[in-house]
There are 2 protein chains.
Amino acid sequence: MAATSRGAGDRSGSAQAPAAQTERRADARRNIRSILDAAQLCLARDADASVADIAKAAGVGRVTLYGHFKTRADLVDAVLTRTMEQSDAALDATDTTGDPGQALTRLVGASWQIVHQFHSVLQAAQRELPPERIRAVHDRTLQRVQTIVDNGRRAGVFRDDLPERWLVTTVFSLMHAAAEDTAAGRLDAGDAARVVSATLLAALTAPGAAVPTPAP
Amino acid sequence: MAATSRGAGDRSGSAQAPAAQTERRADARRNIRSILDAAQLCLARDADASVADIAKAAGVGRVTLYGHFKTRADLVDAVLTRTMEQSDAALDATDTTGDPGQALTRLVGASWQIVHQFHSVLQAAQRELPPERIRAVHDRTLQRVQTIVDNGRRAGVFRDDLPERWLVTTVFSLMHAAAEDTAAGRLDAGDAARVVSATLLAALTAPGAAVPTPAP
DNA sequence: GCCAACATGAACACATATGTTCAGGTTTTG
DNA sequence: CAAAACCTGAACATATGTGTTCATGTTGGC
């Protein structure tokens, strides 16, 4: 039951049926945007930001917020969806064709900052939403990585001796780890992209083949 | 702070001063054990198991529990400490000398099940305890990994072009990722150790050197 | 066997968050 | 301008968890 009274956060469970979305008034649309903006910001800073905090940050009454998002989970879902859409848009600008190693390096360069920035939005979602939902929202991004890995395997430059799924997991895992380490001051932010890329290239390269160095 | 009325969970903040621990009665000691056992089990299953749940699982009154652990955080701390001590004991049986690659493989083989088993105990701790405390409790284990990495670097078989800290992070990160993937059914439990070892060996091997295959 | 240490459930105090209702004020929209 | 849509704060209803107090049993040590 993740549906709003009138469709603002309407992503009905896990499939996103657009639904008959009656046109809402201008101020309502404005408020929804403010709320999503504020929520994204608040949740990025603190995964358990309260609904009250978010409403205040949005410059909106708490009741107004509940008028648009039926539950807290609904709001978190909307923020996560929005964040992933934004990330995906940013990633659309990244070329995933050509040499798989370079493609991977490009993708890491474009992704890791986003991962870093919205790390705790994900955390919030993981505490509130069912795992399938998280998985579903990540689908497009996952697909993108999988495509690169797959290309690399077919080209014989990425390893074939481990499950493809695991290689994808490795990519995500190390990006998240780098985000955390950077936040904790254990890894230099200016160096993170290179470090992650170098590690991933080594991890994914087919045994026996020469490990390429990430070209900045 | 994090101290019990009479010293059961007494690890005063971050340093573990043994304190003048007046000998407690036999039934008290018995109950403390039951509580820790139950808490470890409950928290391993659900990171937000309540104190009431744990007391019930321990076959003990809630008030009794609070008599031994002043706060929930105290209890979580005690469980985490205990878990890490157990892990460390298990790891003591693992030879970390000799060929660094094989040492790493041995360590992964001995560790990953533990990581898998107590994954959500860590989660609970991360929500309740300050990051420094988590770090402190992990110190010995961290040191162990770092030693292996360091040996490998000095022997010229592990890479020297990335921060040592990051390599250690990589080891932990991939073990945890494997634990999650296994729990989610995306990775075969029987295959996990091999997969993680193979990935780590590739990730850590010095550029140019031949990547070894994990010997089971 | 006696006394102190310990255990126990019930009840209470407190805090915090989520949702909801209400009675009125404001903005859009047509 | 008028109706409908929307916003608002205050108050309320829940729910849930933590931690404490109390009065009364129970157990263990010496």
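So that the names make sense, note that chain A is the first sequence line, chain B the second, and so on, each numbered from 1. The model shown is predicted, which means the values in this text are computed figures rather than measured ones.
- Using a 4.5 Å heavy-atom cutoff, the side chains of A/Asp48 and A/Arg127 are in contact.
- Between A/Tyr66 atom OH and D/dT8 atom P the separation is 15 Å, expressed in whole Å.
- Taking atom CG of residue A/Leu65 and atom P of nucleotide D/dC7, one finds them 11 Å apart after rounding to whole Å.
- The 5' end of DNA chain C is approached more closely, in terms of each residue's nearest nucleotide, by A/Val51 than by the other of A/Val51 and A/Val63.
- Side-chain N/O atoms of A/Ser50 include none lying less than 4.0 angstrom from OP1 or OP2 on C/dA17.
- Atom NZ in A/Lys56 sits about 19 Å away from atom P in D/dC7, given to the nearest Å.
- Of the possible polar contacts, one joining the A/Thr83 side chain to the A/Val79 backbone as a donor-acceptor pair under 3.5 Å is found.
- A sub-4.0 Å separation between OP1 or OP2 of C/dA7 and a side-chain N or O of B/His68 is present.
- Taking all atoms of both residues into account, the shortest heavy-atom contact from A/Ala177 to B/Ser173 is CB-OG, 3.5 Å.
- At the phosphate of C/dA7, OP1 or OP2 sits under 4.0 Å from a side-chain N or O atom of B/Asn31.
- Between the CZ atom of B/Arg29 and the C1' atom of C/dA5 there is a distance of 13 Å, given to the nearest Å.
- Distance, A/Leu75 CG to C/dT18 C1': 13 Å, rounded to whole Å.
- Put simply, CD on A/Glu23 is 10 Å from P on C/dT29, counting in whole angstrom units.
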Please walk me through it: do A/Phe118 and A/Leu80 pass side-chain contact (heavy atoms from CB on, under 4.5 Å)?
CA-CA 9 Å; A/Phe118 297 116; A/Leu80 180 66; over 6 Å; no

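- Between B/Arg72 atom CZ and D/dG17 atom P the separation is 10 Å, expressed in whole Å.
- Both A/Gly61 and B/Ala73 sit near DNA chain D, but only A/Gly61 has its closest nucleotide nearer the 5' end.
- Between the CZ atom of B/Arg25 and the P atom of C/dA7 there is a distance of 7 Å, rounded to whole Å.
- Nearest approach of B/Pro163 to A/Val195, heavy atoms of both residues: CD-CG2, 4.1 Å.
- Contact annotation: B/Arg62 side-chain N/O to D/dT20 OP1/OP2 distance is not under 4.0 Å.
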